[in-house]
Amino acid sequence: MTPETLAEKVLSATRAAFADLGLDATALPTETAVERPRNPEHGDYASTIALQVAKKVGTNPRALAQGIADQLASVDGVAGVDIAGPGFLNITLDAAAAGAIAEQIVAAGTAYGYNESMKGAHVNLEFVSANPTGPVHAGGTRWAAVGDALARVMRASGAKVASEYYFNDAGSQVDRFANSLLARAKGEPTPEDGYGGGYVDEIAAEVLTRHPDALESDDPQEVFRTAGVELMFEQIKTTLADFGTHFDVYFNEKELHDKGELDAALERLSKLGHVFEADGATWLRTTEFGDDKDRVLKKSDGSWTYFAADCAYYLDKRERGFDKLVLMLGADHHGYVGRMQAISRAYGDEPGTLEILIGQMVNLLRDGKPVRMSKRMGTVVTLNDIVEAIGVDATRYALTRYSADSSIDLDIDLWTKHGNDNPVYYVQYAHARISGVLRNATELGIDKGDTYDASLLSHPRENDLLKALAEFPAVVASAAELREPHRIARYAEDLAGAYHRFYNDCRVLPYPGEALTETGRARLWLVDATRVVLANALGLLGVSAPERM
RNA sequence: GCGCCAGUAGCUCAGCUGGAUAGAGCACCGGACUUCUAAUCCGACGGUCGCAGGUUCGAAUCCUGCCUGGCGCGCCA
């Protein structure tokens, strides 16, 4: 029996108890959940429903709990129900009901964990979106890992998701980048407001390779701008692809300008009455929608602001049919939230249409000291640097196992030197151990058969493992709904721990000279189910599930 | 000054949509390899959940104020 099924049984038992006691059934929630108690004395699952609703109907929680327990006791698969404390319901499943989940998981395979908590949502998820003026840096690396994991988690929850990367290729930063390239190509020092770092020299050299006469052309700056940005695009895309982060759409800001979408956006906002002229500039009255100051769309010199492009881009996304726009930004951009939300409201969208997720910064430490980073000096730590130091799996895992609300201190030396301390190995090792068992089983000619006696999975370690496995779909659903993919990593560690403990206490394969027992066969199902879930969980994080380590 | 995030074991962090005795990894100490991978497991140690109030059967979790740290408050992008 799955926790979801049990929760439904609890709810219907509560409904029945209400009827028996003559209570007002409208006080009941439409759904409930059961918890997995830490203390084994509290049963396999616990419900607090009696505590939650007793007050509403003015009845004694313990008495209500008793009524629910009486109903639950007769449910098939429930071995016992205890009432504890102020009215907790502690439910114990019989081993057969608990053990049946292994078969369901194996049957579902890669689909296990899929749920429909976001069914029907059409989501545009934008993340990374760094300027094409340099390689993806440490912060961008975090979003590349977290955003990609979130996209996978939402898809696993039934949402239709397009992951998107926005290239700001139309702004003055790109001009500075072009100036820097040109200067370096001529052998001149980097301009005062330019970009430094070895990659600038490399790009400049590559531009010259592709366009040998670039410096002699009519407009060298333009040649370097176009070719340089193009090369930077390629490099960023390759880097992200190698990192396992896929984007469905790479969107160029330039496209908005070329198609006249900024004018269209301005016109639309004007018609809606949210635009005004002041000091020679054109403004959007964002303060009407909660922003702390109004924002300029078109400067007094007639040029567009970056914000105007944001408006056009927002509208573009909406017109592409997305009903939910999720935008991941670094904490250094959280000041944008107010104006971005104002755009959404100015166009008349409901609150919640645009959802902005703010992720805190990644600090890099070397020898326990912060690495000073400067874009101008070119001392930025890039995605490639981190991957080179600790590998793709460790990087993705290290960046996705923490809440995005927390800043990360990533100690390069620690992750390099003490690789074994990395929790990703703990999880991957569990998967490798399982693969080993299954490999050995094959070599021994052992087949787990078409079915097994689930009641034989009665060891406490087996019980714990089964409960952990059963939790996965709910974890995926909550990770999607809360936009918190780190829950998947934490769950994977929890599951890996349950497996390691099981493995330690429960022999699966027969010892030499002995035959496979029925218990061993049931355990093979359990092991295979664990393999499926670990692989699925790691898959949601974009981390590999190795068969050998 | 205003806003966002954080403050939980020596360290790094989970837990926060109110639930039972607050958890994990690392570090340190002591155990378990003739046995499916010891990259594992078991035990011990370790806490005024930043501080002070409030809400209630119950608060790390919700509310208010304060303290500390990070980030941000352009007709820059």
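Computed from a predicted model, the values in this text were never measured in an experiment.
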Does C33(B) fall in syn (glycosidic angle within 90° of 0) or anti?
-> syn

Evaluate whether the aromatic ring of Phe88(A) and the six-membered ring of the A20(B) base sit under 5.5 Å apart, centre to centre, with an inclination under 30°.
-> yes

Pro86(A) side-chain proximity, nearest of G19(B), A20(B), C36(B) | G19(B)

Distance between the P atoms of G74(B) and U56(B), in whole angstroms?
-> 43 Å

Reckon Ile358(A) touches a base, only the sugar-phosphate, or nothing at all at heavy-atom distances under 4.0 Å?
-> nothing

Are the side chains of Ser47(A) and Glu35(A) in touch, meaning some heavy atoms are under 4.5 Å apart?
-> no

Where the side chain of Asn90(A) is concerned, which of U37(B), A20(B), C42(B) is the nearest nucleotide?
-> A20(B)

Donor/acceptor link under 3.5 angstrom from Ser172(A) side chain onto base of C76(B) = no

Classify the nucleic acid contact of Lys298(A) as base, sugar-phosphate or nothing, counting any heavy atom under 4.0 Å across all strands shown.
-> nothing

Is it possible for you to check whether Arg433(A) lies under 6.0 Å from the centre of the six-membered ring of Tyr499(A), through NZ or CZ, and within 45° of that ring's axis?
-> no

Tyr503(A) near the nucleic acid: base, sugar-phosphate alone, or nothing, with a heavy-atom cut-off under 4.0 Å?
-> base

Touch class at under 4.0 angstrom, heavy-atom based, for Asp332(A) against every strand present = sugar-phosphate

Under 4.0 Å between any heavy atoms, over every strand shown, what does Arg548(A) touch: base, sugar-phosphate, or nothing? Just pick one.
-> base

Would you state whether a donor and an acceptor, one from the side chain of Asn422(A) and one from the base of A39(B), lie under 3.5 Å apart?
-> no

What orientation do His274(A) and Phe289(A) show, parallel under 30°, tilted 30 to 60°, or perpendicular over 60°?
-> perpendicular

Would you mind telling me which of A20(B), G70(B), U12(B) lies closest to the side-chain atoms of Tyr402(A)?
-> U12(B)

Quantified in whole Å, what is the P atom distance between nucleotide A52(B) and nucleotide U8(B)?
-> 15 Å

If you draw a 6.0 Å radius around CD in Glu41(A), do more than 12 non-hydrogen atoms from other residues or ligands fall strictly inside?
-> no

Go through Phe251(A) and Tyr313(A) one step at a time and tell me if the ring pair (Phe, Tyr, Trp, His ring centres under 6.0 Å) criterion holds.
-> CA-CA 9 Å; Phe251(A) 195 98; Tyr313(A) 186 37; 4.8 Å; yes

Please state how far atom CD in Glu443(A) lies from atom C1' in U37(B), giving the value in whole angstrom units.
-> 13 Å

